[in-house]
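Below, chains carry the letters A, B, ... as their sequence lines are ordered, and counting in each starts from 1.
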Amino acid sequence: MTSLPKIYDPQEIEGKWYQFWQSNGFFHAETTSDKPAYAIVIPPPNITGSLHIGHALDNTLQDCLIRWRRMQGYNTLWMPGTDHAGIVTELIMERKLAEEGTSRNEIGREEFIERMWQWKRESAGYIVSQLQQLGCSCDWDRERFTLDDGLSEAVRTAFVKLYNQGLIYRDTYMVNWCPECNTAVSNLEVEPVEIDGNFYHIQYPVIDSDVVLEIATTRPETMLGDTALAVHPDDDRYQNLVEKKVLLPLVNREIPIIADEYVDTEFGTGALKVTPAHDVNDYEIGLRHDLEQRNIFTPDGHMNEAAGEAYVGLSRWDCRKRVVEDLEKEGYLVKIVPHRHAVGHHDRCNTIVEPAISLQWFMNVRPLAQRAIEATKKGEVKFIPERETSRFFHWMENIEPWPISRQRWWGHRLPIWYCDACEKITAAMGTPQQCECGSTSFHQDEDVLDTWFSSGLWPFSTMGWPQETDDLKTFYPTSVLVTGWDILFFWVARMIMLGLGCMNEVPFRTVYLHGLIADEKGQKMSKSKGNSIDPVETIETYGTDAFRFALANISTPIPYVPLPESQIESGKRFANKIWNAARFILMNLEKHPVPKERRTVKEDAPLEVQWIQSRLIKTIKTATDALENFRFYEVAQTLYAFLWHEFCDWYLEFAKQRLTRNKPEALWYAAEVLEQVMRLLHPIMPFLTEEIWQLLPHTKDSTSSDEPASVAIAPWPEPTTENPTAETTMATIMEVIDNIRSIRGELNVPIGAAVEVHIQSPNAEIRNRLNTYLDQYLPAFTKVESITIAETLEKPPNSAEAVIGALTIHIPLAGVIDLEAEHARLTKRHQQTTKDVLAAQKTLDNPNFIERAPENVVVQKRELLERLLIEQKKLERSLAMLAS
RNA sequence: GGGCGGGUAGCUCAGGUGGCUAGAGCGACAGCCUUACAAGCUGUAGGUCACAGGUUCAAGUCCUGUCCCGCCUACCA
């Protein structure tokens, strides 16, 4: 007797199978293969530590696709790797250094980078082990890291290429500056957060006049850098003041009053203080009116000398307090009004960003964005769900220059060299030999590139670009990109643009954007919110397959998908159910082994076999179609329903009956069906399916001797034609069984009590079918004493009744029946039937329905009504009899 | 200010191009240790499909408006 444990223990089996797959090279992609290519590049996890729940979802879905396509016979490549994640990783390291009582400036750039590489080696290793724990079938021989030599060469090549095309340039412009990270960041990295602030109303005295101009500002400290006041040119209130000057309070600087269309007369006081160095709009106004740009901040967010002696050295926030105090003291402060408004925060460190004028490197993304839009419109890239396409277009159409330089250390240093003699700029793969001016002395730009620049090259840099590699020839463009919708702009859009810019071809054909995992309150799960589930802990508690099943099962196309604990619990129960179904089959196979020379002849198979095979075919069709359309939840639900509610609930019960009558064929068929289902389920639940698949006997195809060594490379099941006749017959039988069980349950017939079943049906064919099958099947589901089937039968006294169209079931329950309960039961049925009758009649009474609805719909409706009317009449007769 | 998504059973969600008597999981209730599984089995209850109009023979599904919830996006100081 097989000693399979009663309870499925994932810990026991998961490790060994991953090892097995790996050592057999099942995940390795060949460029020499003649099979069609199917490639996915992993969204490289940041080397910031461990994988979170979002990674688990993202990678589970990718693994489902890859495993499914591998089984379908594609030459699959899942390119794995990690991202250096510039700023975030540096922040983590800086925190570590602070704990050690040092800092990055203290240890210096070189030492800092060395420490970062150490961290990378540990972190990437841990991430890889987690992905393997999750079962991901990546091609680990190809693992990449964004700072690898090859990928760094790709970055330099792309940069130089785009620079030479004039798409990358250096400029002084107002950018978002993070005083905490001491670097410029792009708009996307700035997150507007609503905070409770104030409107400070301040008076500016107009020179040579006894009037004052009142303005309102949320940032009073920036007045120290004001270089004008602005009013709207058409504003009657202030027209006479334009071109006069005001005296800037506290600093006693004279600044002009200017007229600019930007000012909104309706808003605040209709007068605006202008600080060109510290506000984007003011910056624009300043350019229009040639105003002085007066920078009052140091890069780390403190006041510099330009702010005035009284304030120099203060932080932004201390300065605000002091300025307000001073304004009040000197009588310039009119009032403070509470005001809630959005303030930009750096998404990596949560510091309030400072708009600052700065010399930075930019990429003019407009031309590539235009090409990306055109490519998408031509269908070269497809977004799923489709609604993401419009988000993509909207972003692309309004795209702004991308600031790509970061004043940081961890990343790709800009391939820009300045001549020490003449400061001429050269973009090159390495240090230039000689400058035009004759000098041979250069210094490289200190800045590194935005991490997303290298991420944007990922689909081809990982395949060896700029070399013309076999990988690129075979796998580029890749088939699908799978990621969360939240990085559509950050990453997906940039990959498309850079793919077009560097490869002249989009990087992937389809983008599948899945939802983000939310907690039960609908909040996105994140470590910072403390509401996230730890994947490793979850895997240890429930098992990988249960977890993966839950993730697939919740992957509906909504933006935030909840993952309640109960869902994972449900996955675990499902895994156990499968395990036990297999256990039952395997245990019995020991007693009834499958004969070697056995051949499957479908025509001879008993009804329940024909039925389950037809249902299996339907399941294969649905699951395949669902996978093709990225409906992972449907794959999961379809397989769950088939396995549990058709295979286990019905087929295995039928098979038990056969076994008691010493008919082991039913068991052999069960093993065959389970073998097929293990294949279907393999992409979602790789470990469990492999374990069971290996234990099951495999029907050897006599024409080929090479049987797959693993379900991971077994062919994906091909559907043949369904068997509607078997399904219809079985449906009738199942309905009869359901009704008998229902009667027993509702009338509290003791479990052990055997009952007589009287069935009357006017239809000879149905009687025939029931005669053939019912006594074979019924004992598996309920205790019966005898079954009588006839064209007409008297209703026995004290019997319960069920009607299925023209068919009637009577179960005599003398001494057991509770007549009141039976009356209540039938009344309820009657009410429901009457409701349905009325609805159907209403439809059919409408002459337009008969006239305009399609023939088959009308026929169906008529048949329905007919059946309902018969049921209704019979129920009425029975109720009348009960009453008498 | 624009745009998008959602409102279906107590909870979380399915319901491609309108057409079987609106489904599932979880939970609830009742009964079962039936020799694969109590992480199981059987039965039961529970829904004016947010609201109001409209199109249609037919609307959970399409259109318009309204009300909530969430998100994305935008330079109102």
Side-chain angles (χ1 to χ4, degrees), chain A residues 4 6-8 192 199 215-219 222 230 262-264 266-269 271-275 279-284 339 341-342 355 385 387-388 390-391 394-395 398 485-486 488-489 516 518 520 522-524 546 553-554 556-564 566-567 569-570 572-588 625 629 631 633-634 637 640-641 645 648-649 652 656 738 741-746 748 750-752 780-783 832-833 835-837 839-840 843 846-854 856-858 860-861 863-864 867-868:
Chain A
L4 285 178
K6 234 172 127 164
I7 289 171
Y8 169 59
F199 259 143
I215 58 90
T217 179
T218 53
R219 302 198 59 192
T222 62
Y262 169 75
V263 182
D264 182 351
E266 305 290 314
F267 192 84
T269 62
L272 175 72
K273 69 188 268 304
V274 184
T275 323
D279 181 278
V280 185
N281 300 309
D282 294 7
Y283 177 75
E284 299 288 342
H339 177 64
H341 61 130
R387 63 169 182 267
E388 300 294 342
S390 51
R391 266 181 79 222
H394 184 255
W395 169 257
N398 297 288
W485 56 262
D486 55 330
L488 175 60
F489 308 145
L516 311 180
E520 58 283 349
Q523 295 277 310
K524 179 187 169 181
N553 204 30
I554 60 162
T556 62
I558 56 175
Y560 288 88
V561 288
L563 177 62
S566 62
Q567 193 72 243
E569 180 76 38
S570 166
K572 185 180 160 185
R573 290 206 285 239
F574 184 45
N576 195 52
K577 186 74 180 177
I578 300 166
W579 178 255
N580 273 287
R583 185 167 169 260
F584 170 76
I585 292 168
L586 291 166
M587 275 174 9
N588 281 289
D625 180 67
N629 292 289
R631 292 196 300 262
Y633 58 97
E634 197 184 340
Q637 281 169 13
Y640 183 98
H645 296 307
C648 290
D649 286 355
L652 288 186
K656 280 180 191 169
D738 275 339
R741 290 212 286 209
S742 181
I743 286 173
R744 295 187 59 128
E746 284 185 73
N748 299 314
I751 298 294
F781 299 94
T782 187
K783 283 234 191 308
Q832 183 57 49
T833 308
K835 207 180 111 192
D836 295 340
V837 163
T843 307
N846 186 341
N848 285 327
F849 173 71
I850 313 292
E851 199 178 312
R852 299 191 201 176
N856 63 320
V857 174
V858 177
Q860 266 175 32
K861 211 38 136 188
E863 283 170 358
L864 173 68
R867 177 186 162 142
L868 289 170

Can you tell me how far [atom1] in [N] sits from the matching atom in [M], rounded to whole Å?
{"N": "G53(B)", "M": "C41(B)", "atom1": "C1'", "result": "50 Å"}
{"N": "U66(B)", "M": "G3(B)", "atom1": "P", "result": "12 Å"}
{"N": "A14(B)", "M": "G7(B)", "atom1": "P", "result": "7 Å"}
{"N": "C67(B)", "M": "A52(B)", "atom1": "P", "result": "15 Å"}
{"N": "G10(B)", "M": "G5(B)", "atom1": "C1'", "result": "25 Å"}
{"N": "G2(B)", "M": "G65(B)", "atom1": "P", "result": "13 Å"}
{"N": "C49(B)", "M": "U8(B)", "atom1": "C1'", "result": "4 Å"}
{"N": "U44(B)", "M": "A58(B)", "atom1": "C1'", "result": "33 Å"}

Quiz item: Is the number of heavy atoms from other residues, nucleotides or ligands under 6.0 Å of His394(A) NE2 greater than 12?
Solution: no
Is the phosphate of [N] approached by [X] (side-chain N or O, under 4.0 Å from OP1 or OP2)?
{"X": "Ser566(A)", "N": "C11(B)", "result": "no"}
{"X": "Thr556(A)", "N": "C13(B)", "result": "no"}
{"X": "Lys6(A)", "N": "G40(B)", "result": "no"}
{"X": "Arg573(A)", "N": "C37(B)", "result": "no"}
{"X": "Arg741(A)", "N": "G43(B)", "result": "yes"}
{"X": "His645(A)", "N": "C41(B)", "result": "no"}

Among [options], the nucleotide that comes nearest once only the side chain of [X] is considered:
{"X": "Pro559(A)", "options": "G5(B), A36(B), A39(B)", "value": "G5(B)"}
{"X": "Ile558(A)", "options": "U73(B), A14(B), C37(B)", "value": "A14(B)"}
{"X": "Asn281(A)", "options": "G5(B), C75(B), A39(B)", "value": "C75(B)"}
{"X": "Tyr633(A)", "options": "C32(B), G15(B), C71(B)", "value": "G15(B)"}
{"X": "Val263(A)", "options": "A77(B), G5(B), U42(B)", "value": "A77(B)"}
{"X": "Arg583(A)", "options": "C26(B), G16(B), A36(B)", "value": "A36(B)"}
{"X": "Ser742(A)", "options": "U44(B), C76(B), C20(B)", "value": "U44(B)"}
{"X": "Asp264(A)", "options": "A77(B), G19(B), C32(B)", "value": "A77(B)"}
{"X": "Arg391(A)", "options": "C32(B), A36(B), C72(B)", "value": "C72(B)"}

Considering every strand and a 4.0 Å limit on heavy-atom distances, what is the contact class for [X]: base, sugar-phosphate, or nothing?
{"X": "Lys656(A)", "result": "base"}
{"X": "Pro854(A)", "result": "base"}
{"X": "Trp485(A)", "result": "sugar-phosphate"}
{"X": "Val280(A)", "result": "nothing"}
{"X": "Asn846(A)", "result": "sugar-phosphate"}
{"X": "Tyr262(A)", "result": "base"}
{"X": "Glu746(A)", "result": "sugar-phosphate"}
{"X": "Asp486(A)", "result": "nothing"}

Euclidean distance, atom [atom1] of residue [X] to atom [atom2] of [N] [Å, nearest integer]:
{"X": "Leu488(A)", "N": "U73(B)", "atom1": "CG", "atom2": "C1'", "result": "13 Å"}
{"X": "Asp738(A)", "N": "C41(B)", "atom1": "CG", "atom2": "C1'", "result": "14 Å"}
{"X": "Glu284(A)", "N": "C75(B)", "atom1": "CD", "atom2": "C1'", "result": "9 Å"}
{"X": "Glu569(A)", "N": "C26(B)", "atom1": "CD", "atom2": "P", "result": "10 Å"}
{"X": "Gln567(A)", "N": "A39(B)", "atom1": "CD", "atom2": "P", "result": "19 Å"}
{"X": "Tyr560(A)", "N": "C13(B)", "atom1": "OH", "atom2": "P", "result": "13 Å"}
{"X": "Tyr283(A)", "N": "A77(B)", "atom1": "OH", "atom2": "C1'", "result": "19 Å"}
{"X": "Asp649(A)", "N": "C37(B)", "atom1": "CG", "atom2": "C1'", "result": "11 Å"}

Practice problem: Output the distance between atom CG (Asn848(A)) and atom OG1 (Thr843(A)), rounded to the nearest 0.5 Å. | Solution: 12.5 Å
Quiz item: How many angstroms lie between OG1 in Thr217(A) and NZ in Lys273(A), if you round to the nearest 0.5 Å?
Solution: 4.5 Å
Quiz item: Is there a side-chain contact between Gln832(A) and Asp836(A) (heavy atoms, below 4.5 Å)?
Solution: yes
Now, which nucleotide makes the Watson-Crick or G-U wobble pair with [N], with each of the two distances under 3.5 Å?
{"N": "G70(B)", "answer": "C4(B)"}
{"N": "A24(B)", "answer": "U12(B)"}
{"N": "U64(B)", "answer": "A52(B)"}

Self-check item: Ring geometry between His339(A) and Phe199(A) (parallel below 30°, tilted from 30 to 60°, perpendicular above 60°)
Solution: parallel
Quiz item: In terms of the nearest nucleotide of RNA chain B, which residue is placed more toward the 5' end: Asn848(A) or Asn588(A)?
Solution: Asn588(A)
Quiz item: Closer to the 5' end of RNA chain B via nearest nucleotide, is it Asp836(A) or Ile751(A)?
Solution: Asp836(A)
Exercise. List the atom of Lys783(A), the atom of Arg744(A), and the distance in Å for their closest heavy-atom pair.
Key: O-NH1, 2.9 Å
Quiz prompt | Reference residue Arg583(A); test side-chain contact (heavy atoms from CB on, under 4.5 Å); the match among Leu586(A), Asn580(A), Ile585(A) | solution = Asn580(A)
Quiz item: Donor-acceptor pair, Asp279(A) side chain versus Asn281(A) backbone, under 3.5 Å?
Solution: yes
Self-check item: Row check, Tyr640(A) ring normal vs Lys577(A) NZ/CZ: under 6.0 Å, within 45°
Solution: no
Quiz item: Any donor-acceptor pair under 3.5 Å between the side chain of Lys577(A) and the base of A39(B)?
Solution: no
